[in-house]
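Treat the numbers as computed from the prediction; the structure is a model and nothing was measured.
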Amino acid sequence: MKNQHCKVGSSTPITSGSQASTRMISYYQRFMNMASDSRYAGTQLGDFFERKAHAFKKRLDQLA
């Protein structure tokens, strides 16, 4: 039986490509908006969104 190569489940890093920085900025803004949303503010979910936003901000700083 021959080896088969399949791309199912493969992924490319979010920081690659020509539009990586604009995509990262979009994700950062989206997570900050969700963190400051009145439904999530002061909850564990709001804290999660804020941590994710800071992670995107850190990666943006590394790209620049």
Side-chain angles (χ1 to χ4, degrees):
M1 188 171 194
K2 293 184 178 183
N3 289 338
Q4 296 179 351
H5 300 283
C6 183
K7 289 189 175 187
V8 173
S10 65
S11 62
T12 56
I14 196 168
T15 56
S16 68
S18 62
Q19 297 179 348
S21 63
T22 55
R23 192 177 327 146
M24 295 286 284
I25 290 170
S26 170
Y27 289 150
Y28 170 72
Q29 291 172 343
R30 187 178 306 151
F31 277 111
M32 284 305 289
N33 286 339
M34 286 191 289
S36 66
D37 189 359
S38 61
R39 292 181 291 172
Y40 304 123
T43 65
Q44 289 182 351
L45 191 56
D47 294 339
F48 169 78
F49 289 145
E50 191 171 351
R51 283 193 308 271
K52 292 299 272 186
H54 288 296
F56 279 114
K57 181 67 172 167
K58 186 176 177 181
R59 292 235 177 132
L60 273 170
D61 293 340
Q62 290 173 351
L63 284 176

Item checked: Nearest-0.5 Å distance that lies between atom CZ in R23 and atom CZ in F56 -> 10.0 Å
Notebook entry, point to check: When rounded to the nearest 0.5 angstrom, what distance separates NZ in K57 from CE in M24?
Noted result: 10.5 Å
Note to self: On a heavy-atom basis, which atom in G46 and which in A35 lie closest, and how many Å separate them?
What the structure shows: O-CB, 3.7 Å
Check: Who pairs with Y28 by ring pair (Phe, Tyr, Trp, His ring centres under 6.0 Å), at least two apart in sequence or on another chain?
Finding: none
Check: Is it the case that more than 12 heavy atoms not belonging to Q62 sit under 6.0 Å from its CD atom?
Finding: yes
Item checked: Inter- and intrachain pairs under salt bridge (charged side-chain N to carboxylate O under 4.0 Å, His left out), touching residues 32-48, at least two apart -> D37-R39
Check: Side chains of F49 and K52: does their closest heavy-atom pair fall under 4.5 Å?
Finding: no
